[in-house]
4 protein chains.
Amino acid sequence: MNDLPRPRTRRKDTRPAELLAAALDCFVEKGFAATRMEDIARRAGVAKGTFYLYFPSKDAVFEALVRETLLPRIATLEQSATMAGLGAEAKLRAILAMLGQVLADPKLVAIPKLVLAEAGNFPDMARFYRQEVIARGQALLNGLFREGVEKGEFRPLPDLDIMTRLFMGPVVLTALWQTTFAPVEQTPMPIDRVLSTHADLFLTAIKAPTGTGGAP
Amino acid sequence: MNDLPRPRTRRKDTRPAELLAAALDCFVEKGFAATRMEDIARRAGVAKGTFYLYFPSKDAVFEALVRETLLPRIATLEQSATMAGLGAEAKLRAILAMLGQVLADPKLVAIPKLVLAEAGNFPDMARFYRQEVIARGQALLNGLFREGVEKGEFRPLPDLDIMTRLFMGPVVLTALWQTTFAPVEQTPMPIDRVLSTHADLFLTAIKAPTGTGGAP
Amino acid sequence: MNDLPRPRTRRKDTRPAELLAAALDCFVEKGFAATRMEDIARRAGVAKGTFYLYFPSKDAVFEALVRETLLPRIATLEQSATMAGLGAEAKLRAILAMLGQVLADPKLVAIPKLVLAEAGNFPDMARFYRQEVIARGQALLNGLFREGVEKGEFRPLPDLDIMTRLFMGPVVLTALWQTTFAPVEQTPMPIDRVLSTHADLFLTAIKAPTGTGGAP
Amino acid sequence: MNDLPRPRTRRKDTRPAELLAAALDCFVEKGFAATRMEDIARRAGVAKGTFYLYFPSKDAVFEALVRETLLPRIATLEQSATMAGLGAEAKLRAILAMLGQVLADPKLVAIPKLVLAEAGNFPDMARFYRQEVIARGQALLNGLFREGVEKGEFRPLPDLDIMTRLFMGPVVLTALWQTTFAPVEQTPMPIDRVLSTHADLFLTAIKAPTGTGGAP
DNA sequence: GATGAATGAGCATTCATTCAT
DNA sequence: CATGAATGAATGCTCATTCAT
């Protein structure tokens, strides 16, 4: 059909990103295993062989995808946690708001899901994700909870790790929902309301009793 | 040749279950795509061809697996919710305890994860899971929350669906953790403590204020 | 064309030999690298996949070919050398005659040539050939030369290894000729005459002077 | 980027030779099939595309290699045979000495071996080699044997072609050894001793009986 | 001339599925 | 019923060759 041999455009520098984007699209649609190299190539508008000029194997594409896409995101999150103005509560709410934005972007949510789905076949990547993404997120949140407790914002919290997990639970559930059922759903999940309700409930439960104010 | 005379037990009736069990084992270990029919057959102790006497295709095995394994579990959960003695709180705690037991069994948690991972390739199954598992679970929990509110146990809850999601968040997170990182982890997650802390926090936040004022 | 789906004959035991024969044919015709698995399969009258039921890889076919075909031949040679009746000369002539028969069979000569051609890409096989074929041949011939010297048949021979090489030289040349140029040649090389002339010349040169001295 | 300004020496004339040299290196190391155009190009210090400015295809490189490298060598040999001073024996020994030098150079021996290995895939080249190299060598040697017989140096030799082959046998064997097993061998073959012993034996066998002449 | 990014036909290998026994 | 040898479409990857720069 496409008789014209396609201009064979030369753009060594932008190619990797284009290819990763195409790969992500495919992985999101069909999963890693069901995606053929040719799918990715075609979607990127190049020939099959071109892919191998930039990535040595199908696995490598996946790893690059995780590395390139997740790391910057985490860094952003860490920075924003530091800069935030005042209380731990405010910071937690800010983080939840940010996560809400991530959750709204199907492509971004897709990557963690891919990692989960393929963890068994890519143990190295699971480890990488565990250490570079989850561990850093945990440290960030643990720190905020500790800060809140120390400043008297929160009541004493016996196990920070558990708090972190409970805090992230609804985020994870929402992420999964978005990637799995949202396409088939008629009424979309109101991400922001879920997360803000979560913040309200969760903070209510851990906040130090306010003006418990015994009078003299 | 046939050293062990392998009684070739005519157990046409138990076969499907055995095959499904073998399939589950394989899927859990290597994922759906990476599991070969031969793996399943060998694990079940039958020949490759035998499989096709009971299931028409690899996909069919997967679907049967989900159907057969999840439905009974849900039924159990629904029943237990009905029978439970008294308050909504008690029922919610009981459900959480049950889920804790499910979470402790790697095989059981594996199935939802498989569904998630393969939802893209098996839209029918995703729909099935959405309707038969999730929807029913949602209805169950929504009912309990409504009951709690009506009986005055809980304070007014504007959006029951959201409550249900927040309630399930930590359960989902734990499930994912168990199937994905637990194998690589040195210190296991204390499922029960996570869930009981969750119950405490969550219920604290939604319970109706107790000593409401009391007049002298 | 072949609409009838071919009876899918079952013959697990004869297959490997058939496949090796087909592979040898192909390798002889086109060399190892230029032979496609499909060529071999088609020539053996099976489907491509069937090959992998019996050999794990293309390389493995080659190795099996060398092992299966050469070893028995060497064993035969060794035995015949032992049994031979009397003098070293007679045994050497007998060996040459045997080799002449091998040389007349294009398939048999083809294997050593393949080994030579692919030695660079299959160092293991080169080593195997060096040790199992050449070393054993050398030992055999060295022994015969030593025997001849000790019995007074031959004059003292300072370096047996060199004798062995000189003895084998014309055999090797002939082998190469057969596999390389014979197909393109109009007048075939008279193998037997070459070898018998070789025997005459070579033995003339190493035989102990007969009428040793004797004074009148 | 282009750190070394690589003078881009306009040496259009020396290029082909350089490329052939690089190609030979590669072919020797890995064989024809396993050598990639990129290997050759890199070794020659040029870009892949540059190769195609000088040779139309990979096959062409091979053919050029054989043509360019072998022909001069043969010419040298022919000349030296003519010029040599006196007897046929001396000339034969001289030729053997020359061949010994060729045999000591791995690169030179590699070419005939490549021809042998690829004869099946390059019938034209095989024919070329047969006619331009082998036939001329045969003619040369046949001539020397005839000369020796006519001059009474050698005893009558019924079939000169066969003599030539027997004469070349050990040379061929040595060549093969050098290219195939020498790299893996601990004790190298003493080429010169093999060839000089060969000369001694062979000439002993064909020389006319010397002054057998008992006087009356 | 020289480059090297791009191409796509080609090949080894895998695996779900079939069917003669 | 059960088997497992046979099948062949499908897929990841390679590499000779082209051509815009």
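Throughout, protein chains are lettered first and strands after them, A, B, ... in sequence-line order, and every chain is numbered starting at 1. Just so you know, these numbers use all the heavy atoms, side chains as well, and skip hydrogens, waters and symmetry mates.
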Which distance, rounded to the nearest 0.5 Å, do you find between the [atom1] of [X] and the [atom2] of [Y]?
| X | Y | atom1 | atom2 | value |
| --- | --- | --- | --- | --- |
| C:Glu118 | C:Phe62 | CD | CZ | 5.5 Å |
| B:Glu38 | B:Phe51 | CD | CZ | 12.5 Å |
| D:Leu24 | D:Leu114 | CG | CG | 7.0 Å |
| A:Thr179 | B:Leu116 | OG1 | CG | 7.0 Å |

Between [atom2] of [N] and [atom1] of [X], the distance in whole Å:
| X | N | atom1 | atom2 | result |
| --- | --- | --- | --- | --- |
| C:Glu38 | E:dT14 | CD | P | 16 Å |
| A:Phe55 | E:dA5 | CZ | P | 14 Å |
| B:Lys30 | E:dC15 | NZ | C1' | 12 Å |
| A:Phe51 | F:dG12 | CZ | C1' | 12 Å |
| B:Asp59 | E:dC15 | CG | P | 16 Å |
| A:Phe32 | F:dT11 | CZ | C1' | 12 Å |
| D:Ile40 | F:dC15 | CD1 | P | 12 Å |

Inset, instruction - Identify the nucleotide, in any strand shown, that forms a Watson-Crick or G-U wobble pair with E:dA20, with both distances under 3.5 Å; if there is none, say none. - result: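 Across all strands, the one nucleotide that pairs with E:dA20 is F:dT3.
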Legend entry - Any strand: nucleotide that pairs with F:dT14 via Watson-Crick or wobble, under 3.5 Å: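 Across all strands, the one nucleotide that pairs with F:dT14 is E:dA9.
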Inset, instruction - For the side chain of C:Met37, starting at C-beta, report the closest nucleotide among F:dA16, F:dA2, E:dT13. - result: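 The nucleotide sitting nearest to the side chain is E:dT13.
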Legend entry - Options E:dT7, E:dA2, F:dA6, nucleotide nearest the side-chain atoms of D:Tyr54: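 Minimum distance to the D:Tyr54 side chain belongs to E:dA2.
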Legend entry - Check: F:dT3 base within 3.5 Å donor-acceptor of B:Lys48 side chain: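 For B:Lys48, whose side chain was compared with the base of F:dT3, there is no donor-acceptor pair (under 3.5 Å).
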Legend entry - OP1 or OP2 of E:dA6 under 4.0 Å from side-chain N/O of A:Arg15: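 So the side chain of A:Arg15 is within the cut-off, an N or O lying under 4.0 Å from OP1 or OP2 of E:dA6.
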Inset, instruction - Would you please confirm or rule out a distance under 4.0 Å between OP1 or OP2 of E:dT14 and any side-chain N or O of C:Tyr52? - result: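 It does not, given that no N or O in the side chain of C:Tyr52 lies less than 4.0 Å from OP1 or OP2 of E:dT14.
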Inset, instruction - Identify, between B:Arg36 and D:Ala47, the residue whose nearest nucleotide on DNA chain E lies closer to the 5' end. - result: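 Its nearest nucleotide being more 5', the pick is D:Ala47.
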Inset, instruction - Starting from the 5' end of DNA chain E, give me the residue, B:Ala33 or D:Leu53, whose nearest nucleotide shows up first. - result: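 Closest to the 5' end, via its nearest nucleotide, is D:Leu53.
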Legend entry - Pair B:Phe122 + B:Phe128: ring centers closer than 6.0 Å: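 Judged by ring-centre distance (under 6.0 Å), B:Phe122 and B:Phe128 do not meet the cut-off.
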Inset, instruction - Determine the contact category for D:Lys58: base if any of its heavy atoms lies under 4.0 Å from a base atom, sugar-phosphate if only primed atoms, P, OP1 or OP2 are that close, otherwise nothing. - result: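 It contacts sugar-phosphate atoms only.
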